S.K.: 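The structure is given below, and queries will be raised subsequently.
Here is how names work: the chains are called A, B, and so on, in the same order as the sequence lines, proteins then strands, and each is numbered from 1. Because the structure is a prediction, the values reported are computed rather than measured.
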Amino acid sequence: MGRSLLRLRQQGRRLGIAVLFVVAGAGLWEFQERQHQDDYTWMGVPTWDGFHPTTFHRVLRNDGFLVGWSDVRVNPLWVSYQLEAVDDDTRIGSRPNFQADWRTLWPITTDSYSGSGYDRGHMAPNYAIAAVHGRSAQVDTFLMSNMSPQRPNLNRQLWQRLEQSVMDHFAPRFDRLQVITGPIFPEHFMDNVFNRVGFVEVPEAFYKIIVAPHADAPLALAFIMPQDVRGNEPLANYLVTINEIEERTGLNFFPNLSPEIEAVLEGELRTQGWALEEVSKRPGRFQ
DNA sequence: TTTGATGT
């Protein structure tokens with residue numbers, strides 16, 4: 001009787017130590033994952049308030065960028081990456097092939113979009129990521145988890161012009177840029193729930209937030225561009241505040257910002273410092 | 001087709 005009690009106590013102690021290791025290990029992993037994500041993203045990765053199935057997501061780590069993946073929308077709700085001007089882009093290789101991403105769990109294959117009338121629209125862009133972060137990062141931008149259905153006129157013209165302006169015009173003006181971009185869906189989930197390319201829900205618009213992260217006086221430009229565009233519109237037509245994007249996505253961008261700086265950066269539409277007018281009407285490459 | 005993607 002006494003011996004079995006002793007053995008039980010020993011087993012209990014071993015179990016306790018094992019649990020301690022698991023908890024400590026999980027905590028360490030969580031801490032390092034957070035650390036890694038924060039290293040990638042100025043002022044914290046996007047968060048959401050409360051429990052909403054449509055904003056719930058998990059973070060996929062790639063070379064050069066992070067993806068906030070939603071298994072409900074079957075879309076990247078956001079991608080986040082940093083850019084800087086580069087001297088030499090001649091080392092960039094040819095366009096890699098699109099490839100399925102098993103981490104999404106959903107079977108999104110490279111031909112899921114075929115015949116749908118929608119392009120496989122990059123969220124983290126091929127050119128900028130390749131130029132700044134190298135070949136393996138470029139390959140990652142062709143994962144299907146980085147795609148969202150875009151109308152050709154948007155993807156190949158208006159959106160392309162915006163991405164080209166980010167890399168060729170905005171990046172050289174600042175040391176570093178933080179970019180967050182992603183889709184916007186109709187307000188009521190059920191209205192759009194069957195509007196899909198394969199399993200992938202079709203957005204009604206896309207946003208892009210570009211921040212020049214100076215410590216005390218960061219600058220930001222933000223855009224919302226709808227699917228239905230001709231493609232040759234001035235970029236400036238689509239300027240919005242970050243608050244508007246937060247309202248339409250349900251996400252909270254840059255959660256680590258102090259309330260005072262956040263109020264100005266996210267609530268006010270300020271274009272000083274970006275010289276947007278120099279590129280707003282610049283034609284695209286592919287028209 | 002050198003910053004976009006499709007379909008032949």
Side-chain angles (χ1 to χ4, degrees), chain A residues 62-65 75-76 79-101 108-174 176-183 197-198 200 202-203 205-208 210 221 223 225-233 235 238 274-276 278-287:
Chain A
N62 289 319
D63 220 348
F65 65 105
N75 262 264
V79 300
S80 173
Y81 52 94
Q82 299 194 351
L83 298 178
E84 62 205 24
V86 293
D87 299 330
D88 175 22
D89 66 359
T90 57
R91 291 171 306 147
I92 297 176
S94 59
R95 282 170 74 90
N97 292 323
F98 291 97
Q99 51 177 319
D101 185 344
I108 311 163
T109 62
T110 54
D111 55 0
S112 291
Y113 285 54
S114 296
S116 68
Y118 290 94
D119 282 359
R120 297 175 280 205
H122 279 74
M123 293 295 98
N126 164 38
Y127 174 79
I129 295 288
V132 177
H133 297 283
R135 178 65 183 178
S136 79
Q138 179 184 25
V139 169
D140 284 352
T141 69
F142 280 77
L143 288 167
M144 293 307 291
S145 54
N146 185 43
M147 301 300 150
S148 190
Q150 283 185 323
R151 287 286 188 206
N153 280 6
L154 175 62
N155 186 35
R156 304 174 194 188
Q157 296 190 56
L158 189 66
W159 196 255
Q160 186 277 328
R161 288 166 51 214
L162 177 58
E163 288 179 337
Q164 180 162 352
S165 299
V166 169
M167 201 48 194
D168 292 353
H169 180 72
F170 299 142
R173 300 180 71 84
F174 304 98
R176 193 163 59 102
L177 296 178
Q178 169 69 56
V179 184
I180 301 186
T181 199
V197 170
V200 182
V202 177
F206 294 86
Y207 67 87
K208 192 180 289 288
I210 308 152
L221 277 190
F223 299 86
M225 295 180 169
Q227 292 275 19
D228 184 20
V229 294
R230 291 189 312 277
N232 57 359
E233 298 89 343
L235 301 178
Y238 301 96
W274 295 94
L276 176 61
E278 290 178 21
V279 290
S280 186
K281 297 179 181 175
R282 198 172 280 179
R285 286 182 63 80
F286 309 107
Q287 39 194 349

S.K.: Give me the residues of residues 131-155 of chain A where at least one heavy atom lies under 4.0 Å from an atom of DNA chain B, by number, or none.
M.R.: A:Asn155

S.K.: List for me each residue that meets side chain to side chain donor-acceptor pair (under 3.5 Å) alongside A:Thr141, sequence neighbours excluded, and say none if there are none.
M.R.: none

S.K.: Does the pair A:Ser112 and A:Val200 meet the rule for a side chain to side chain contact (heavy atoms under 4.5 Å, CB included), with working shown?
M.R.: CA-CA 9 Å; A:Ser112 291; A:Val200 182; 5.8 Å; no

S.K.: With sequence neighbours excluded, what pairs up with A:Ser94 under the side chain to side chain donor-acceptor pair (under 3.5 Å) test?
M.R.: none

S.K.: Under 4.0 Å, counting only non-hydrogen atoms across every strand here, what does A:Glu163 touch: a base, just sugar-phosphate, or nothing?
M.R.: sugar-phosphate

S.K.: When the C1' atoms of B:dA5 and B:dT1 are considered, how many whole Å apart are they?
M.R.: 10 Å

S.K.: Which label fits A:Phe170 and A:Trp274: parallel for a plane angle under 30°, tilted from 30 to 60°, or perpendicular past 60°?
M.R.: perpendicular

S.K.: Tell me which pairs pass salt bridge (charged side-chain N to carboxylate O under 4.0 Å, His left out) where either residue lies in residues 134-157 of chain A, with sequence neighbours left out.
M.R.: A:Asp119-A:Arg156

S.K.: Does A:His169 use its side chain to pair, donor to acceptor, with the backbone of A:Ala275 at less than 3.5 Å?
M.R.: yes

S.K.: A:Tyr238: what forms a ring pair (Phe, Tyr, Trp, His ring centres under 6.0 Å) with it, not counting sequence neighbours?
M.R.: none

S.K.: Hey, where on DNA chain B does chain A first and last touch, going 5' to 3'? Cut-off is any atom under 4.0 Å from a heavy atom.
M.R.: B:dT2 to B:dG7

S.K.: Identify whether any heavy atom of A:Asp168 sits under 4.0 Å from a base atom; if not, whether one sits that close to sugar-phosphate; answer base, sugar-phosphate or nothing.
M.R.: base

S.K.: Using atom types as modelled and distance alone, determine if a side-chain donor or acceptor of A:Asn75 lies under 3.5 Å from a backbone N or O of A:Ser148.
M.R.: no

